[in-house]
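Counting begins at 1 with the first residue of the sequence.
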Amino acid sequence: MSEAAADNQVGANTIPLELQRIAGLRYGDNPHQEAAVYTLAGDNNPLSLSNIAMVEGDLSASNYFDLDRATMALSRFAASMETNHGAVPLVALGLKHGNACGAAFDNSDPEAATISMIDGDREDIFGGTIALNFPLGREVAEVLRRHGTDRARPLDVIYAPSVTDEAVSILHRKTGKLKLGVNPALGNLGRDSLRPQTLVRSLGGVVIVQENNVFIPNPADETQRMQLLDEPLPPATPLSPGLLFAEAIGSSSTSNTITIVNHAMLVGNGVGQQARHKAAALAVERAINNGHAVEGAVAYSDSFFPQPDGLEIVLDAGVEEVFTMRGSENDRRVIETARQRAARFITVPVEIGRGFLH
């Protein structure tokens, strides 16, 4: 089994699971691995990947993995934005191997969000997965196909609430390799999209059952014990949309992760690093290599900085605001580093808000 949703049964001694086969897959992670996709009987989550209606093509195992991560990031950002700002922007998200390489949001212009998403990393988005929380029409299809490239951009998967026939025609690949799926639930994301549910994953002969990560940063929630440096953050203090975007992307990427957002756009996502300072360096490197300014940016770390070095890397690059956790024996040194650099350093306890994902 891959990751799936079930009723909340983490404390049960036995959990009866009934799986319903949706379809066979061409192969699993590799061509020599046979695979099929199943859903848990009784799953009523409208965002379940079992509710994707394919307009063109058939999904592979790796496609499902990318779409799970994309749905996670979109849901987390929508829940955070509705909670903190009362509205959900238009979001375009691009992924490769389960991690966001391009992402952007805009309050009203879907083309602007899509252009910024592509510009995040034009190289890595090549052959990637695109997820949108707005309808896919002709204008956005033209951007996806042609923006920033002198030839038609090949994309592997596109996922949206709806798609027009004209957009399908524009995005069609002669090789038949495009997978284009729709789910209207993507167009209605909000606070309730991040559901308390149980996640089930099979690993090497055991099954891990855990609750979904439903943490939503919210200064008004006093139980989160949010701090600015070493003082309580006033409950009325708003968290910027950019910081919430970084948290949603970073907590939906492979740990360890440092995520940098600037001007409503993902500029650097340093993922899958064993050392946090290396994740920070990778995030900055990706931003610079893609021609993005880090000056004035915000950053998210999916757990505390065990040493000041990782924080120093992003601050040296120009980041001005950071959201992360506290719980390290070196918290005081890290906070003092932020204070000396005049950085806006916001934390919650690691046991409340850690964003690890494996």
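- Of the N and O atoms on the side chains of Gln307 and His277, not one donor lies less than 3.5 Å from an acceptor on the other residue.
- Residues Val182 and Leu171 share a hydrophobic cluster, clusters being chains of Ile/Leu/Val/Met/Phe/Trp/Tyr side chains in contact below 4.5 Å.
- A salt bridge links Arg341 with Asp316: the distance from a Lys NZ or Arg NE/NH1/NH2 to an Asp or Glu carboxylate oxygen falls below 4.0 Å.
- Note on Ile249: it clusters hydrophobically with Leu67, by side-chain heavy-atom contacts below 4.5 Å among ILVMFWY residues.
- Of the N and O atoms on the side chains of Asn269 and Ser253, at least one donor lies less than 3.5 Å from an acceptor on the other residue.
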Legend entry - side chain to side chain contact (heavy atoms under 4.5 Å, CB included) evaluation trace for Thr337 with Glu312: CA-CA 7 Å; Thr337 298; Glu312 290 171 343; 3.7 Å; yes
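- Note that CG of Leu95 and CG of Asp124 are 11.0 Å apart. Values are rounded to the nearest 0.5 Å.
- Of the possible polar contacts, none joining the Arg138 side chain to the Ala167 backbone as a donor-acceptor pair under 3.5 Å is found.
- Side-chain contact check for Asp302 and Ser255: at least one donor-acceptor pair (N or O, by modelled atom type) lies under 3.5 Å.
- Within 6.0 Å of the NE2 atom in His97, the count of heavy atoms belonging to other residues, nucleotides or ligands does not exceed 12.
- Across all their heavy atoms, Ser303 and Arg354 have their closest contact at OG-CD, 3.5 Å.
- When the side-chain contact (heavy atoms from CB on, under 4.5 Å) test is applied to Ala61, the partners found at least two apart in sequence or on another chain are Leu25.
- At a threshold of 4.5 Å between side-chain heavy atoms, the hydrophobic network of Ile, Leu, Val, Met, Phe, Trp and Tyr places Val261 and Ile346 in one connected group.
- Atom CG of Asp58 sits in a sparse spot, with 12 or fewer heavy atoms from other residues, nucleotides or ligands closer than 6.0 Å.
- For Gln33, the side-chain contact (heavy atoms from CB on, under 4.5 Å) partners two or more places apart in sequence, or in a different chain, are Asp29, Asn30.
- When the shell of 6.0 Å around NZ of Lys96 is examined, it contains more than 12 heavy atoms from other residues, nucleotides or ligands.
- Of all heavy-atom pairs between Phe245 and Ala103, the closest is CZ-CB, 3.6 Å.
- Of the possible donor and acceptor atoms, one in the side chain of Glu82 sits under 3.5 Å from a partner among the backbone N and O of Arg191.
- Of the N and O atoms on the side chains of Thr254 and Arg69, at least one donor lies less than 3.5 Å from an acceptor on the other residue.
- For CZ of Arg339, the number of neighbouring non-hydrogen atoms (other residues, nucleotides, ligands) closer than 6.0 Å is greater than 12.
- No continuous path of ILVMFWY side-chain contacts below 4.5 Å connects Ile118 to Leu93, so the two sit in separate hydrophobic clusters.
- A donor-acceptor contact closer than 3.5 angstrom is absent between the side chains of His292 and Asp119.
- Atom CD of Glu329 is surrounded by 12 or fewer heavy atoms from other residues, nucleotides or ligands within 6.0 Å.
- The closest side-chain donor-acceptor pair between Asn63 and Ser60 falls under 3.5 angstrom.
- The side-chain contact (heavy atoms from CB on, under 4.5 Å) search around Phe215 returns Arg76, Asn213, Pro217, Gln224, Glu247, Phe323, Val348, Ile352, not counting sequence neighbours.
- Side-chain contact annotation: Thr257 with Thr259, donor-acceptor N/O pair under 3.5 Å absent.
- One finds the CD atom of Gln20 at 9.0 Å from the CG atom of Leu40 (value rounded to the nearest 0.5 Å).
- Sparse packing is recorded around CD of Glu222, with 12 or fewer heavy atoms of other residues, nucleotides or ligands lying under 6.0 Å away.
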